[in-house]
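In this chain, numbering begins with 1 at the start of the sequence shown.
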Amino acid sequence: MDSKSNRYKPSIMMEQHKHSLTKSETKIYDYITSHIDQVLYYSLTELSEACDVAEATLLRFFRKLHFKGFQDFKFALAQEVSSKRTPNEENSTYIEKIRNYMVQAIHNSYDLIDALALEAAVKTIAQAHDVVIFGIGSSGIAANDMENRLLRIGKHIQAVTDPHTQVMRASSMTKETVVIAISVTGSTKDIVDTIQIAKAQGATIIAITNYLKSPLTKLANQVLLTSAKESPLDSGSLITKVAQLYLIDLICTGVTLENYEQSVEMKHQISENTAKKLY
């Protein structure tokens with residue numbers, strides 16, 4: 001964010017530019033000012049549909065307000081909303097709040113599960129010989145966990161969490177490759193750019209995300225949804241990872257059942273070999 005947007009809150013910036021807005025920009029202004037709490041959890045695509053304007057129009061609107069883009073605006077908006085809360089509201093029952101948020105994330109993710117989509121993704125992964133998982137930041141942690149789970153049942157799989165390495169790996173993919181892309185928002189530029197390369201190489205894309213409509217899901221062959229939407233100030237929260245790991249657990253269990261005998265045999269071999277590492 002530049003110095004000008006640092007000195008003013010998003011609400012003030014929008015108000016200052018209100019009289020110079022175009023018809024489409026006025027629709028954006030009206031929607032955001034009426035749905036501030038919801039906007040914090042939207043992807044760019046979702047906000048575009050909610051306002052009934054093109055994504056390019058949204059980006060021009062935010063740049064007009066001296067923000068770099070939607071994420072920059074959303075981060076500043078989250079700070080503004082947070083600053084209006086009192087200390088008591090923030091801290092009084094945080095133990096219960098976090099517990100409830102985690103439980104709710106599991107329940108909501110369960111309600112979102114499409115059994116047929118899950119089964120299709122499981123079969124795609126189980127039958128593939130070249131499986132790669134992409135994730136960055138906190139989603140990279142989920143990617144590493146998924147790699148660990150599937151390695152334990154003998155699946156040849158690789159988790160790649162560095163953006164530059166992701167580009168190199170995507171460039172060498174073929175139509176035999178299955179890519180599992182993990183992104184909470186589905187709008188992480190590095191992930192979307194890499195998936196575009198993988199898609200051009202003919203790879204099959206499975207997206208694990210919280211948003212049904214995003215740049216990532218537009219590229220995906222299969223989409224699996226979790227539900228633990230976070231505001232920009234909560235990025236990387238454990239609550240979101242709990243929802244991701246719940247879905248990953250379902251996928252890994254499904255893949256195990258698809259190749260049950262081989263999976264059990266491999267688990268025994270790994271247990272025997274890793275036991276040698278203990279005193």
Using only atom types and a distance under 3.5 Å, with no angle test, would you say the side chain of [X] pairs donor to acceptor with the backbone of [Y]?
{"X": "Thr188", "Y": "Asp190", "value": "no"}
{"X": "Lys64", "Y": "Ser20", "value": "yes"}
{"X": "Tyr29", "Y": "Ser24", "value": "no"}
{"X": "Ser48", "Y": "Val53", "value": "yes"}
{"X": "Asn210", "Y": "Thr185", "value": "no"}
{"X": "Asp249", "Y": "Leu245", "value": "no"}
{"X": "Thr226", "Y": "Ala243", "value": "no"}
{"X": "Gln262", "Y": "Asn259", "value": "no"}
{"X": "Ser109", "Y": "Ile106", "value": "no"}
{"X": "Gln201", "Y": "Ser171", "value": "yes"}

Consider only side-chain heavy atoms of I, L, V, M, F, W and Y, link residues closer than 4.5 Å, and tell whether [X] and [Y] are in one cluster.
{"X": "Ile180", "Y": "Leu216", "value": "no"}
{"X": "Phe61", "Y": "Ile36", "value": "yes"}
{"X": "Val179", "Y": "Leu219", "value": "yes"}
{"X": "Val192", "Y": "Met168", "value": "no"}
{"X": "Leu257", "Y": "Leu150", "value": "no"}

Any side-chain heavy atom of Pro215 sitting closer than 4.5 Å to one from Leu44? no

Between the side chains of Glu55 and Lys218, is the shortest nitrogen-to-carboxylate-oxygen separation below 4.0 Å, so that they form an ion pair? yes

Is any side-chain N of the basic residue among Lys175 and Asp130 closer than 4.0 Å to the acidic one's carboxylate O? no

According to the interplanar angle, ranging from 0 to 90°, do the rings of Tyr31 and Tyr42 count as parallel (below 30°), tilted (30 to 60°) or perpendicular (above 60°)? parallel

Which atom names give the shortest non-hydrogen contact between [X] and [Y], and what distance separates them?
{"X": "Ser183", "Y": "Ser139", "result": "CA-OG, 3.9 Å"}
{"X": "Leu224", "Y": "Ala121", "result": "CD1-CB, 3.8 Å"}
{"X": "Ile136", "Y": "Pro163", "result": "CD1-CG, 3.8 Å"}
{"X": "Phe70", "Y": "Ser43", "result": "CE2-C, 3.6 Å"}
{"X": "Ser138", "Y": "Gln244", "result": "O-OE1, 4.3 Å"}
{"X": "Asp72", "Y": "Lys68", "result": "OD2-N, 2.9 Å"}

Euclidean distance, [Y] [atom2] relative to [X] [atom1], rounded to 0.5 Å:
{"X": "Glu258", "Y": "Lys123", "atom1": "CD", "atom2": "NZ", "value": "4.0 Å"}
{"X": "Asp52", "Y": "Lys27", "atom1": "CG", "atom2": "NZ", "value": "4.0 Å"}
{"X": "Thr194", "Y": "Met173", "atom1": "OG1", "atom2": "CE", "value": "8.5 Å"}
{"X": "Tyr41", "Y": "Tyr211", "atom1": "OH", "atom2": "OH", "value": "8.5 Å"}
{"X": "Gln166", "Y": "Ile197", "atom1": "CD", "atom2": "CD1", "value": "10.0 Å"}
{"X": "Arg149", "Y": "Ile248", "atom1": "CZ", "atom2": "CD1", "value": "9.0 Å"}

Please, which pairs that meet salt bridge (charged side-chain N to carboxylate O under 4.0 Å, His left out) have at least one residue in residues 155-166, sequence neighbours excluded? none

For Glu265, enumerate each residue passing the salt bridge (Lys or Arg N to Asp or Glu O under 4.0 Å) test, keeping only those at least two apart in sequence or located in another chain. none

Step by step, would you call Phe134 with Ile182 a side-chain contact (heavy atoms from CB on, under 4.5 Å)? CA-CA 6 Å; Phe134 287 156; Ile182 306 176; over 6 Å; no

Suppose we call two aromatic rings close when their centres sit under 6.0 Å apart. Are Phe67 and Phe62 close by that rule? no

Please report the C-alpha distance between Val131 and Gln158 in whole Å, then the side-chain angles of each, then the deciding distance to 0.1 Å, and finally whether the side-chain contact (heavy atoms from CB on, under 4.5 Å) criterion is met. CA-CA 7 Å; Val131 183; Gln158 178 188 20; over 6 Å; no

When you compare the side chains of Thr124 and Gln222, does any donor N or O come within less than 3.5 Å of an acceptor on the partner? yes

Might you work through the side-chain contact (heavy atoms from CB on, under 4.5 Å) test for Val178 and Val132, ending with a clear yes or no? CA-CA 6 Å; Val178 172; Val132 183; over 6 Å; no

Checking Arg63 against Arg60 for the side-chain contact (heavy atoms from CB on, under 4.5 Å) test, could you report, in this order, the C-alpha distance in whole Å, the side-chain angles of both residues, the deciding distance, and whether it holds? CA-CA 5 Å; Arg63 287 167 187 155; Arg60 283 195 297 271; 5.5 Å; no

